[in-house]
Amino acid sequence: MQNLLKNGIAITGSGSAVPSTSLENEVLTQLVETSDEWISTRTGIRQRQLALPPESLTTLATDASKQAITAAGITAADIDLILLATSTPDDLFGSACRIQAELGATKAVAFDLTAACSGFLFGLVTAAQFIRTGVYQNVLLIGADILSRWVDWQDRRTCVLFGDGAGAVILQANNSDRLLGFSLKSDGTQNHHLNLAYEGTTQQVTPDIHIPTGSYHPISMNGKEVYRFAVQKVPEVIDKALFEAHLTVDRIDWLILHQANQRIINAVADRLNIPEHKVISNVAHYGNTSAASIPLALDEAVRQGKIKPNDIIATSGFGAGLSWGAAIFQWGR
């Protein structure tokens, strides 16, 4: 009965994994008309990691999860729920169950959650509800994507942006609630600005029935509109999450945004009056890793000793949907 009273949430461990193959900006100049200066000035990105066989979303997510489980001081057998935030599963039916099997998390229920670059943030809030209601005690939340599978490498507007990776955290029931506030938003009227749409051809089943069958278009993005959306909406949603947490911006120890573009990160920090030394950024090394970007940046900062127990972190995810959200939490138990 004592565990049932622990309806607060603590984020107690993190892990991350990236592919071994690096693609620098200089190599991209051989594929499309661009330059290292053009890419780095407009995005802050200098390289990205690409998943090549036998690497897969499952292998990256499993590696990141094992690190998070170890860091939290639990075992895979302790996990009640596995949430995989991804838009690029190895299996269109979902990859969470395969990860469950790889980990040996035999009692965990596992499922995928798709919210693109907002996926980890949406997953964090979803996982928290299972803990707050007392249903589960130990949740593994993974953000992982292999966007290189869906990039048109002749489209210089998008091929310079995306990379592959995985990050994971453990959320546990706790006497005090470390998820201090959050806010989630969606606006489907702007979906056309960033998408990975179905592309079908027709297959004749009978003389009267023609079934669409096929794959997906490469990633399509209106960069100017996405930039405008992010710079306007992200500071607003962080302010809302801070209000829910009964905190002011000066209480934030670290800002971890979705690592989409260094200019967006800088603009949001400026609008919130958060100084540069409080901003976590690794976009230069990994590019936009979608749902993986926040937990990947978080894990690196924890392992570098920047983020310490009880530090207050403001985080925000934003992207396709269009979707966006923010959460304020304290690191550790």
Side-chain angles (χ1 to χ4, degrees), residues 9-20 49 51 55-86 88-90 95-105 108 110 112-113 119-124 126-128 131 136-146 163-172 174 178-179 254 256 258-259 280-283 285-287 289-309 311 313 315 317 327 329-333:
I9 300 116
I11 303 176
T12 59
S14 64
S16 60
V18 294
S20 58
Q49 305 300 117
E55 294 168 324
S56 66
L57 186 100
T58 298
T59 61
L60 293 174
T62 300
D63 288 348
S65 298
K66 288 178 178 178
Q67 294 174 30
I69 291 167
T70 299
I74 62 174
T75 68
D78 297 316
I79 298 171
D80 304 303
L81 169 66
I82 298 172
L83 275 179
L84 171 63
T86 187
T88 56
D90 294 329
S95 291
C97 290
R98 176 73 183 277
I99 294 165
Q100 180 230 26
E102 293 293 327
L103 292 172
D112 290 28
L113 181 153
F120 179 81
L121 198 287
F122 279 39
L124 177 67
T126 300
I131 294 175
Y136 297 129
Q137 305 293 304
N138 300 297
V139 179
L140 168 62
L141 170 62
I142 309 161
D145 269 303
I146 300 181
D164 306 333
V169 296
I170 297 293
L171 290 84
Q172 294 186 273
N174 199 56
R178 301 296 204 135
L179 179 58
W254 302 102
I256 306 179
H258 165 49
Q259 306 288 296
I280 302 293
S281 174
N282 62 6
V283 67
H285 303 294
Y286 304 113
T289 57
S290 192
S293 75
I294 291 174
L296 179 56
L298 171 69
D299 181 57
E300 282 197 343
V302 169
R303 293 179 187 276
Q304 290 167 1
K306 290 182 178 180
I307 294 177
K308 297 178 172 59
D311 280 356
I313 298 167
T315 187
F329 65 89
Q330 275 187 290
W331 176 251
R333 290 183 174 85

Qualifying residues under side chain to side chain contact (heavy atoms under 4.5 Å, CB included), relative to [X], sequence neighbours excluded:
X      : answer
Ala128 : Ile9, Leu179
Val18  : Gln49, Tyr286, Leu296
Ala127 : Leu83, Val139, Leu171
Ala144 : Leu57, Ala61, Leu84, Ile142, Ala166

Got a second to check how far [X]'s [atom1] is from [Y]'s [atom2], nearest 0.5 Å?
X      : Y      : atom1 : atom2 : answer
Tyr136 : Ile79  : OH    : CD1   : 13.0 Å
Leu103 : Leu140 : CG    : CG    : 6.5 Å
Ile131 : Asn174 : CD1   : CG    : 9.5 Å
Ser56  : Asp164 : OG    : CG    : 11.0 Å
Ile307 : Ile280 : CD1   : CD1   : 5.0 Å
Leu121 : Ser293 : CG    : OG    : 10.0 Å

Over all atoms of both residues, closest heavy-atom pair of [X] and [Y]:
X      : Y      : result
Gly165 : Thr289 : N-CG2, 4.3 Å
Ala327 : Leu124 : CB-CD2, 3.9 Å
Ala168 : Pro295 : N-CB, 3.9 Å
Gln100 : Ala110 : CB-CB, 4.1 Å

Q | Of all pairs that satisfy salt bridge (charged side-chain N to carboxylate O under 4.0 Å, His left out), the ones with a partner from residues 67-82, not counting sequence neighbours | A | Asp80-Lys107
Q: Please collect all salt bridge (charged side-chain N to carboxylate O under 4.0 Å, His left out) contacts where either partner lies in residues 295-309, sequence neighbours excluded, each pair once.
A: Asp299-Arg303
Taking only residues two or more places apart in sequence or in another chain, which ones pass side chain to side chain donor-acceptor pair (under 3.5 Å) with [X]?
X      : value
Asp145 : Thr86, Thr88, Ser290
Gln172 : Thr12, Asn138, Arg333
Trp254 : Asp311
Ser65  : none

Would you confirm whether [X], through its side chain, and [Y], through its main-chain N or O, come within 3.5 Å as a donor-acceptor pair?
X      : Y      : value
Ser14  : Ala68  : no
Gln330 : Pro309 : no
Thr59  : Glu55  : no

Taking the side chain as everything from C-beta on, heavy atoms only, tell me whether [X] gets closer than 4.5 Å to [Y].
X      : Y      : answer
Thr126 : Leu141 : no
Ile313 : Leu298 : yes
Ile170 : Ile11  : no
Gln259 : Ser281 : yes

**Q.** Residues forming a salt bridge (Lys or Arg N to Asp or Glu O under 4.0 Å) with Asp90, sequence neighbours excluded
**A.** Arg149
Q.
Under the rule for salt bridge (Lys or Arg N to Asp or Glu O under 4.0 Å), what residues qualify as partners of Arg98, not counting sequence neighbours?
A. Glu102
